[in-house]
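Structure first, commentary second.
All chains are named by letter (A, B, ...) in the order of the sequence lines, taking the proteins before the strands, and each is independently numbered beginning at 1.
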Amino acid sequence: MDGNSSGAESESFDWNTEDELEIANFQSSNQTLHAEVSSCAGSSNSKLMDRLVAMGFSQKMVAREILENGEENEESIVNALLTYSALESSPPEQQQIDSNNCSSETEGSFLDDLSDIDSFSDNEEITNPVSDNDKFSSLMNMGYTAEEASIALERCGVDSSLAELTDFITAAQMAKAADALLPPEEPRPRNLCNTQKKRRFNDYEVLGRKKQMGSEKKILTEDDEPLRMPNPMIGFGVPTDSFTIVHRTLPEAAFGPPYFYYENVALAPKGVWNTISRFLYDVEPEFVDSKYFCAAARKRGYVHNLPIQNRFPLVPLPPNTIQEAFPLTRKWWPSWDPRIKLNCLQTCVGSAKLTERIRKAVEDCIGDPPLHVQKYVLEECRKWNLVWVGRNKVAPLEPDEVEMLLGFPKNHTRGGGISRTDRYKSLGNSFQVDTVAYHLSVLKDLFPGGINLLSLFSGIGGAEVALHCLGIPLKNVVSVEKSEVNRNIVRSWWEQTNQRGNLIDLDDVQQLNGDRLEQFMDSFGGFDLVVGGSPCNNLAGSNRHTRDGLEGKESSLFYDYFRILDLVKCIMSRN
DNA sequence: GTGATAATGACGGCGGGG
DNA sequence: CCCCGCCGTCATTATCAC
């Protein structure tokens with residue numbers, strides 16, 4: 001989650017270097033493969049690539065075979081490609097991990113995508129729009145999705161050659177899809193274990209009556225339709241609201257085992273949730289704001305295949321307003337500060353200088369401050385989640401207060417060598433426990449004897465804590481978390497809560513391959529639940545520098561969540 | 001080296017008004 | 001339907017003190 005940034009990246013974009021770094025991150029279990037991919041990422045083989053693509057093979061297939069055979073073995077590459085073409089009755093272009101690309105789309109959506117490109121390159125010098133469109137069309141004809149093409153044009157620049165663009169896309173695909181498509185030792189069809197069925201978000205039964213969701217639009221732009229955030233953001237229901245969806249129909253491919261639960265920020269850049277949902281078996285995300293569970297907002301999307309009937313909240317219910325959560329602030333809370341709920345708890349807190357400026361501004365006034373001062377103070381208080389702790393004094397929340405708001409036991413992140421700054425960071429990146437527990441509560445009746453849990457990007461163990469608080473015994477937990485301090489926190493919590501199960505912690509999702517998974521699953525009989533909230537760095541709105549979307553450096557680890565989940569599904573269905 | 005501190009906007013959803 | 005202002009956002013980077 002954190003701690004995996006190389007830090008050595010320059011401002012100017014060097015696609016070759018960056019891709020090598022990225023690939024190094026993605027593919028660490030096989031050194032020779034890494035070396036070959038690196039050479040793939042160069043432009044030395046683009047001639048071969050172009051030639052084979054011209055022969056009618058898809059870019060992805062070609063890249064895959066070059067990867068497998070080495071670019072010097074052109075003959076075996078061609079043989080393999082021909083073999084696959086013969087095996088598959090479908091044309092080579094169709095073999096993609098993403099079955100919902102634009103190749104079969106209508107003119108309308110294609111034009112939509114074109115206009116998207118224009119808006120993407122708004123900031124850049126448009127040297128020759130016509131040739132840009134040509135490149136875009138060429139990429140589309142090669143079988144790439146509009147998304148891939150647009151990202152390549154965006155990242156490589158509009159002046160780059162077609163070969164450079166295809167190399168860029170190929171390298172990115174390699175990095176992201178190689179693992180999913182190429183389990184090291186067990187070849188299987190490149191399509192997923194679960195063939196993706198044609199989808200439409202299904203209808204939902206709302207307390208007995210039917211409600212149609214998202215089916216109003218014309219078929220023309222169906223798949224491009226951005227997901228709408230529900231208002232109010234209560235997902236399929238929250239404990240305090242009577243408007244509850246009690247039944248939904250999941251796509252067949254989404255059925256467990258295992259159950260899965262994926263989380264990320266709700267307000268991600270456009271298209272991100274469409275992609276996430278598409279990969280996660282076309283399950284519609286459940287968008288929930290944790291302000292319906294505690295005193296702080298937290299707008300998140302959750303994609304899961306859990307039942308949604310008979311959910312129940314953790315008790316006792318946590319304080320629901322700022323004033324309930326922090327009674328001592330009542331005395332100092334000015335009447336002109338109308339806040340009832342805190343905003344999203346983030347990884348950084350307000351500075352002392354700021355609170356001092358606010359104190360001065362308010363102190364200089366007789367009685368209530370003038371409106372412009374009120375406005376300024378409220379703006380800063382909202383932005384930094386400041387609370388009133390004395391006469392004219394505001395302050396950021398203490399780490400233990402954040403722990404409480406997020407539903408963690410007090411001192412959960414305290415001690416063990418973690419700094420105050422890192423506590424804020426780890427907490428800011430975490431689940432809201434009550435929210436997640438509400439969704440996971442349905443597992444209690446299903447698994448009275450406890451569950452085996454695979455927890456990816458565990459952080460400080462939000463899912464583990466939620467399950468424990470629900471009274472669901474944790475039998476075997478495989479927890480993957482990059483940050484050592486976070487692993488220590490979970491380990492420490494595990495020991496303090498007298499767990500009787502077995503906690504295995506790993507540090508890198510990218511090293512979790514089919515072999516290791518199978519090893520784990522053989523030893524205790526598979527996973528009942530796969531939880532994960534992959535990094536949001538490149539999706540979060542507060543990121544000023546690298547809000548690159550799902551293809552961003554950290555956020556692209558989503559594809560590892562998918563890869564691992566799909567591996568687990570495969571292994572489970574085999575047994 | 002680590003930890004604390006402070007400065008650094010862009011972007012999209014929403015709702016009101018035309 | 002469009003326009004426009006309001007609001008909020010699991011952050012990154014440079015710098016300083018130690």
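Distance check on atom C1': C:dC7 versus B:dG9 gives 14 Å, rounded to whole Å. For the C1' atom pair drawn from C:dT9 and B:dT8, the interatomic distance equals 15 Å after rounding to whole Å.
When distances are taken from the side chain of A:Ala352 to each of C:dA11, C:dT9, B:dA6, the shortest belongs to B:dA6. Out of B:dA4, C:dT9, B:dG13, the shortest distance to the side chain of A:Thr421 is found at B:dA4. Taking the side chain of A:Ser351 as heavy atoms from C-beta on, and the options B:dA4, C:dT9, B:dA6, the nearest nucleotide is B:dA6. The side chain of A:Lys353 has B:dA6 as its nearest neighbour among B:dA6, C:dT9, C:dT12. When the nucleotides B:dG12, C:dT12, C:dA11 are ranked by their closest atom to the side chain of A:Thr347, C:dA11 comes out on top.
The partner of B:dG9 cannot be assigned: no Watson-Crick or G-U wobble pair with both contacts below 3.5 Å exists in any strand. Across all strands shown, B:dG18 pairs with C:dC1; the Watson-Crick or G-U wobble distances both stay below 3.5 Å.
A salt bridge links A:Asp560 to A:Arg563: one of the charged nitrogens lies within less than 4.0 Å of a carboxylate oxygen. The pair A:Arg359-A:Glu356 meets the salt-bridge criterion, with a side-chain N (NZ, NE, NH1 or NH2) lying under 4.0 Å from an Asp/Glu carboxylate O.
The OH atom of A:Tyr376 sits 18 Å away from the C1' atom of C:dC7 (whole-angstrom rounding). Protein atom CH2 of A:Trp273 is 12 Å distant from nucleotide atom C1' of C:dC10, rounded to whole Å. Here the P atom of nucleotide B:dA4 and the CG atom of A:Leu354 are 19 Å apart, to the nearest Å. Rounded to a whole Å, the NE2 atom of A:His545 is 19 Å from the P atom of C:dT9. Residue A:Ile276 contributes atom CD1, which lies 13 Å from atom P of C:dC10 at whole-angstrom precision. Remark: C1' of C:dG8 and CH2 of A:Trp384 are 13 Å apart, rounded to the nearest angstrom.
The residue A:Glu263 sits close to a base: some heavy atom pair falls under 4.0 Å. Heavy atoms of A:Arg300 sit under 4.0 angstrom from at least one base atom. Residue-level contact check: A:Cys344 touches the backbone only, with heavy atoms under 4.0 Å from sugar-phosphate atoms and none from bases. Within the 4.0 angstrom heavy-atom criterion, base atoms lie near A:Arg298. Using a 4.0 Å heavy-atom distance criterion, A:Arg228 is classed as a sugar-phosphate-only contact.
Between A:Glu379 and A:Val265, the residue anchored nearer the 5' end of DNA chain C, judged by the nucleotide with its closest heavy atom, is A:Glu379. Looking at which nucleotide of DNA chain C each of A:Asn538 and A:Leu267 is closest to, the 5′-most match is held by A:Leu267.
Taking the six-membered ring where the residue is Trp, A:Phe562 and A:Tyr281 present tilted rings, their angle falling between 30° and 60°. Ring-plane geometry between A:Phe558 and A:Phe279 is classed as perpendicular, the angle between the planes exceeding 60 degrees on a 0 to 90 degree scale with a lower cut at 30.
Phosphate contact (OP1/OP2 of C:dT12, side-chain N/O of A:Asn537, threshold under 4.0 Å): present. Side-chain nitrogen and oxygen atoms of A:Gln346 include at least one within less than 4.0 Å of the OP1 or OP2 phosphate oxygen of C:dA11. Taking 4.0 angstrom as the limit, A:Arg382 places a side-chain polar atom (N or O) nearer than this to OP1 or OP2 of C:dG8. Contact check, A:Ser542 against C:dT9: no side-chain N or O comes under 4.0 Å of OP1 or OP2. One finds no side-chain N or O of A:Asn543 lying less than 4.0 angstrom from the OP1 or OP2 phosphate oxygen of B:dG9.
Closest approach of A:Asn538 and A:Lys553 over heavy atoms only: OD1-N, 3.3 Å.
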